[in-house]
Structures are given as structure tokens and as C-alpha cells.
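This report concerns only the one structure given below.
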Amino acid sequence: MRTYLYCLLATPADDVPAALRGVGGGAVRAIAHGPVTAWVSTVGSDTPPPTPDNARAHDRVVRAALARATPLPARFGQLFESDDALRALLAARGPSLVAALRRVEGGCEMTVRVLLGAAPPTARDAGPLPRSGREYLARVRARQNAARAARQEADFLHGRLRQAVEGLIRDESRAESTPAAYSLSVSHLVAREDVPRYRLALRALQDREPALRLMVSGPWAPYSFADPSGG
Amino acid sequence: VDAPDRRGTPLHRPGAEGYEDAVDSVDDDRLVLGDLLNHVLDKGVVLTGDVTISVADIDLIRVGLSVVISSVETMEQRGHAWGKVVEAPTGSARPVSDADLPILPPGNAG
């Protein structure tokens, strides 16, 4: 039996909802070490597979924590040999974890995705094999140009987003875009009380620019702002 | 920033489980799942070096993101306006694989 980690909170945080169940159905409990409290449950010895149910169970516990105070959400799938092994890590990394908790305190994460105009072509889109070196190079160049254009479009849209939410965000994190996801994806750290205004600001942007393919999800726990070394 | 009265500020409208947006909500399990995978598997604090992201997991993250995009496009084709997200998900006990998730255009998966 091992200890599965969901999130970290500022102590005291031992008021885990009694009915809260985690990955695999285990009861969620709190382990406090100094200023940091971890919400965990006991699981079998193997890392839980990333099934949809397990991912939802993980986020459900994190969400329950978010309902009382902003946690540092843990990435899915972290197991510890024992509660004591986790306590030792909390002791070793205490100061940086406290600082990371402070950075997200009172906030939550909102994620905005804006679809770009067209998917940049990839090598596999190109159809039949090129018949000459020259044709091959022309295709490479076309791909590079398309990727550059997509980047520029994403940068431009990022600027529009920034204007729209100016003053309503505490931090932002822009995801690397890949050819597989021809979109701009930006997560914002938003103070809880600013979430309605944040939504209204994006709605106003959408109303001003109906062609903008904009999508908002949240509030999430601050998954994108939980790295103790970041910010 | 550290005002104690922010604790427990309600974030959710009743019944929406946090998936909602400026406009209103629509049901799209795949979209929720994709966004969830993208957050839960790829982000968050890492305390242990034991977290090994396997090749399959990386694919999963990529698939999660692709699902979001393709679901949004499906919504668009069905005539939903932009700026919408999503109702709470239902479950599946199988591991996520491409088979669970929308067909991606060839070449867009890698």
C-alpha cells in the first residue's frame, strides 16, 4: 500500500470532507508537516493508470480542496512509499512549497484557447513523395512559412487576449503550441473574486470580434502555476 | 492578496461543476475530458522524481489537447457559437487511448 498525492495546502487544512474518495475509491486524508498539508489517499502498490475515471477522481479531490482554499495541485500519478516518505519531502522542500502556495493564494486558473485560422501542414499532409530534391525543399519551406505564420497569428491573438483581461489576472502561462494543436492556449491565474469580471471581459471580446474562435474553461486549481521553481 | 475572507469564495454556479464560461454551457464529454487530461496529466507540482511520463502518457497529453481542438470544431460544425464550455463528464474505466477519442486528421496526431 502506498500514499497517493493530490495537492498541497497551507496548514491548517485537515478538514477533508468525510465522504471524499480518491483514485481507486480510497478515503482522502490530510498529512500535515509544518506549514504545508498534503491531501492523500492510500492506493495499491502500482501507479494508477491514467484512465478517464482516475483523472477525474484526481481532479475531484483537488476541486474539493479548491472549494475551501487554493491548493497547489499535484500532477497525476505521484506515489510515496509511506506517509513518512512524503513528510520527509515536505520537510526538505518546505520553504519553496510555502512560497509557491503564497503565489497562488486566493486565486484559481482559467484557461483560454483560441483556434488559429488554419492548421499548418505537417510532413504527413504532403501527399505523395516529392519527385525531386527541389520539390522536397519547396515543401519544407512551405511548412516553415506556415508554421511561422501560425506563430505570428498566435502572438497577435495573445496580445488581444492580454488587452482584454488586463488588470484582471495575476499571472499567465502560455502553452507551447504544436502543429497538432493549432491553437493559442493561455492559462491565467485569476483572483477568485475577479472570475465573473474575467468572464465578462472575455465575453466582451467575443462580442466585439465574433470571428474570434475563443473558448474558456475553469475555474481550475492552479495546475499551470504550481511549479515551486516558477514565477 | 492574503485576505482570509477569500477562503471558500464560491467559484461554481450550482450544478455546473466548474465547467462553464462567459456565455453558457453545453454538454461535451470529450471536450471536458480533453481539457481535464491536459491539466491533470501535464501540469501540477511534482514532488517526486518517480513520476515517469511514459511515451504513452505523452501521447495521452497530446491526444487530450487534440480532443479539445477537434471537439470545439465539432461544436462549431453543429452550429454552436464560440465561447462555450461544457458540462461535467461521465466516466469510463478503460485507459484512455485514441480509440476513446475523436478521430484526428492524419498527420495532426504527431
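Every chain is numbered from 1 and lettered A, B, ... according to where its sequence line falls, protein lines coming before strand lines.
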* Asked: Under a 4.5 Å heavy-atom cut-off, does chain B meet the side chain of Thr70(A), its backbone, both or neither?
  -> neither

* Measure distances from Phe225(A) to the heavy atoms of chain B and classify the residue's part below 4.5 Å as side chain, backbone, both or neither. => neither

* To do: Check each atom of Leu5(A) against the heavy atoms of chain B and say whether the ones under 4.5 Å are side chain, backbone, both or neither.
  => side chain

* Asked: Taking the side chain as C-beta and beyond, is there a heavy-atom pair between Arg170(A) and Arg103(A) under 4.5 Å?
  -> no

* For Ser173(A), is it the side chain, the backbone, both or neither that has a heavy atom under 4.5 Å from a heavy atom of chain B? -> neither

* Asked: Can any side-chain N or O of Gln78(A) pair as donor or acceptor with the backbone N or O of Arg75(A) at less than 3.5 Å?
  -> yes

* Can a donor-acceptor pair be found between the side chains of His58(A) and Tyr6(A) at a distance below 3.5 Å? -> no

* **Residues Asp59(A) and Arg56(A) bridged, charged N to O under 4.0 Å** => no

